[in-house]
Amino acid sequence: NKMVIIGIIIMFLGYLFLAIPLGGGSVAIAAMGAALLLVSLGTGFFKGNLQVMVGDLYNDPKYAQNRDSGFSLFYMAINIGALFAPTAATTIMAWAQNNLGYSKADSYHFAFAVACVSVIISILIYFLGKKTYQQVLVADKKKEDGKAEEVEEMSPAETKERIVCLGLVFAVVIFFWMAFHQNGLTLTWFADEFTAREATGATGMMFNVINLVWCIFMVFGICGLLTAPKGTSGKSKLINLAFIVIPAAILGYTYMNSGDQTVAIDAPIFQQFNPCFVVALTPVSIALFGWLGRIGKEPKAPVKIGLGMLVAAGAYLLMTVSSLGLPATDHPNHVADVTPNLLVSTYLILTFAELLLSPIGISFVSKVAPPKYKGMIMGGWFVATALGNKLVSIPGHMWDMPLPVVWGTLMVICLLAALFIFSIIKKLNRVS
């Protein structure tokens with residue numbers, strides 16, 4: 001709890017420094033370096049310990065079966081903020097340019113001011129919601145006072161087996177994030193160089209975040225109707241039905257009145273689709289695996305992770321096939337006008353993969369990690385993520401090659417990682 005609070009405060013200071021426009025001199029560069037260091041440090045304190053707290057909510061055996069669903073909801077909440085981040089950042093930057101006279105190079109500071117406000121809101125939510133995670137705080141207090149109930153010690157052999165299994169999963173996670181975070185590099189380059197910069201109709205409507213929110217409401221309503229248990233009140237059914245009908249009517253009205261308008265598309269705006277799909281598909285994922293669990297068919301976490309790598313390979317298979325016949329890259333020139341639906345579909349498939357691997361992987365770590373090393377091993381998850389982010393640059397160095405080679409390489413990497421997971425699946429299932 002204390003480390004989470006310290007992390008939030010340090011993150012806030014980092015974003016505050018980034019929000020101050022200091023120009024482009026040596027002082028500004030030093031301030032940016034210090035700010036990024038604070039954000040990184042604060043994130044390390046905050047995120048790892050918060051995920052441990054989420055895992056501890058499900059230590060009670062009567063809640064243990066809901067661990068994967070809990071982490072999925074946790075992951076969805078993170079992405080609600082990410083859904084609005086691109087629009088909030090570009091809007092506040094445009095306002096600063098048009099109303100305050102800031103240049104494009106300096107207006108980005110205002111986007112970090114939005115981040116500062118968001119951190120303050122998160123602090124308030126954390127403290128106001130303390131009753132919902134009180135049992136974790138009580139357990140932590142007992143540990144500090146030396147009064148915690150003794151936890152059964154694992155044998156050295158079992159501890160070693162679990163750490164080895166987690167290390168093998170981390171190795172796969174590295175290559176997943178290498179492939180997934182191409183949304184910040186080669187997939188954005190593809191959006192800039194090869195994707196149409198205008199769209200109309202339903203495709204154009206996708207680039208308005210409000211329309212995406214209405215679609216999310218519709219998905220929630222459909223899931224609510226389809227998964228409602230027997231005996232659900234008519235009022236609940238009507239609420240779910242309203243979640244479908246009202247957004248559908250609004251979207252239909254918008255399409256009829258502005259669907260023929262041309263919408264300009266900038267490459268960075270594609271970043272909104274991944275968090276949108278995370279929020280929309282999380283209830284679908286929870287409902288699907290809940291149903292499989294009730295009939296005794298829900299796969300264990302390692303199987304879900306392997307399936308996630310296969311799905312990620314499918315996303316790059318789509319990119320490979322769709323890139324056949326495209327001209328060679330000529331960065332930074334715009335050389336083609338591929339439909340935006342290709343990248344949107346790729347982000348959709350990658351999000352399926354992410355939901356199978358990331359929240360489920362974090363849940364797996366919180367469950368399998370030996371109690372003595374839980375915090376350290378959760379840190380190992382972030383090390384694996386960081387290494388994957390470091391390797392993101394490798395496909396970037398291949399950008400001058402034919403596009404099918406770039407995407408095909410990522411597809412093969414994902415396939416090999418999936419094969420590796422399934423080759424050791426019995427070992428992983430034994431500890432999960």
Side-chain angles (χ1 to χ4, degrees), residues 1-12 39-60 63-82 118-119 122-123 125-127 129-130 132-140 143 151 162-163 165-167 169-174 176-177 180-181 274-275 278-279 282 285-286 289 301-302 304-305 308 354-389 431-432:
N1 177 52
K2 289 181 180 178
M3 298 306 291
V4 170
I5 296 171
I6 291 171
I8 293 176
I9 294 172
I10 294 175
M11 285 169 59
F12 174 78
V39 171
S40 300
L41 183 63
T43 301
F45 282 130
F46 171 76
K47 201 170 181 182
N49 287 288
L50 186 64
Q51 288 179 177
V52 170
M53 288 179 66
V54 174
D56 287 345
L57 290 172
Y58 298 92
N59 287 341
D60 191 321
Y63 301 124
Q65 75 277 7
N66 296 322
R67 183 182 295 267
D68 285 357
S69 297
F71 272 101
S72 293
L73 289 172
F74 171 75
Y75 203 74
M76 181 187 77
I78 292 172
N79 280 274
I80 291 175
S118 299
V119 172
S122 72
I123 293 173
I125 293 173
Y126 185 77
F127 283 111
K130 186 174 289 188
T132 62
Y133 54 89
Q134 191 66 39
Q135 65 269 40
V136 175
L137 301 182
V138 171
D140 286 345
K143 289 178 184 177
V151 179
R162 291 192 174 209
I163 292 176
C165 288
L166 288 166
V169 170
F170 290 165
V172 171
V173 166
I174 290 172
F176 172 76
W177 292 123
F180 179 81
H181 282 304
N274 170 242
V278 169
V279 176
T282 293
S285 172
I286 292 174
F289 288 120
K304 294 178 184 177
I305 292 171
E354 182 185 13
L355 289 175
L356 283 166
L357 191 142
S358 189
I360 303 304
I362 298 170
S363 174
F364 178 74
V365 172
S366 74
K367 178 181 179 182
V368 173
K372 280 186 177 181
Y373 307 107
K374 188 172 288 188
M376 181 184 71
I377 290 176
M378 189 61 76
W381 174 271
F382 291 106
V383 171
T385 303
L387 290 174
N389 289 338
V431 301
S432 64

- Of all heavy-atom pairs between R67 and S366, which one has the smallest distance, and what is that distance? NH1-OG, 2.9 Å
- Calculate, to the nearest 0.5 Å, the distance between atoms NZ and CG belonging to K47 and L50 respectively. 9.5 Å
- Query: How long is the span from the CD atom in Q51 to the CG atom in D56, to the nearest 0.5 Å?
  - Reply: 12.0 Å
- Under 3.5 Å, is there a donor-acceptor pair between the side chain of Y126 and the main chain of I8? no
- Query: Hey, is the main chain of L355 close enough, under 3.5 Å, to the side chain of S358 for a donor-acceptor pair?
  - Reply: no
- Could you give me the CA-CA distance, side-chain angles and deciding distance for L73 and M76, then say whether side chain to side chain contact (heavy atoms under 4.5 Å, CB included) is met? CA-CA 5 Å; L73 289 172; M76 181 187 77; 4.2 Å; yes
- Going by heavy atoms in the side chains, are I10 and F46 under 4.5 Å from each other? no
- Message: Quick check: closest heavy atoms across G361 and I305, and the distance to 0.1 Å?
- Response: CA-CD1, 4.1 Å
- Item | Contact check, side chains of L356 and F289, non-hydrogen atoms, under 4.5 Å | yes
- Message: Ignoring hydrogens, what is the shortest heavy-atom contact between L357 and W381? Give both atom names and the distance.
- Response: O-CH2, 4.0 Å
- Task: Find out whether F170 and V365 are in side-chain contact, i.e. whether some heavy atom of one side chain is under 4.5 Å from a heavy atom of the other.
- Result: yes
- Item | I174 to A384 - nearest heavy-atom pair and separation | CG1-O, 3.5 Å
- For residues F176 and E354, report the shortest heavy-atom separation together with the two atoms involved. CZ-CA, 3.7 Å
- F45 side, atom CZ; I5 side, atom CD1 - distance, nearest 0.5 Å: 13.5 Å
- Message: Please determine whether the number of non-hydrogen atoms from other residues, nucleotides or ligands lying under 6.0 Å from atom NZ of K304 exceeds 12.
- Response: yes
- Indicate yes or no: at least one non-hydrogen side-chain atom of I163 is less than 4.5 angstrom from one of I377. yes
- Query: Does R162 use its side chain to pair, donor to acceptor, with the backbone of P370 at less than 3.5 Å?
  - Reply: no
- Message: Counting the benzene-type ring for Trp, do F364 and F71 have ring centres under 6.0 Å apart?
- Response: no
- Item | Side-chain heavy-atom pair K2, N49 within 4.5 angstrom cut-off | no
- Message: Classify the ring geometry of W177 against F180: parallel below 30°, tilted from 30° to 60°, perpendicular beyond 60°.
- Response: perpendicular
- Spatial distance of atom CZ (F74) from atom CG (L57) [nearest 0.5 Å]: 10.5 Å
- Query: Measuring from I286:CD1 to D68:CG, what's the distance to the nearest 0.5 Å?
  - Reply: 10.0 Å
- Query: Tell me, do L41 and M11 make a side-chain contact under 4.5 Å, heavy atoms counted?
  - Reply: no
- Short question: side chain of T132, backbone of G129 - any donor-acceptor pair under 3.5 Å? yes
- Do the side chains of Y58 and Q65 get nearer than 4.5 Å, heavy atoms only? no
- So do V278 and Y75 actually touch side chain to side chain, heavy atoms under 4.5 Å? yes
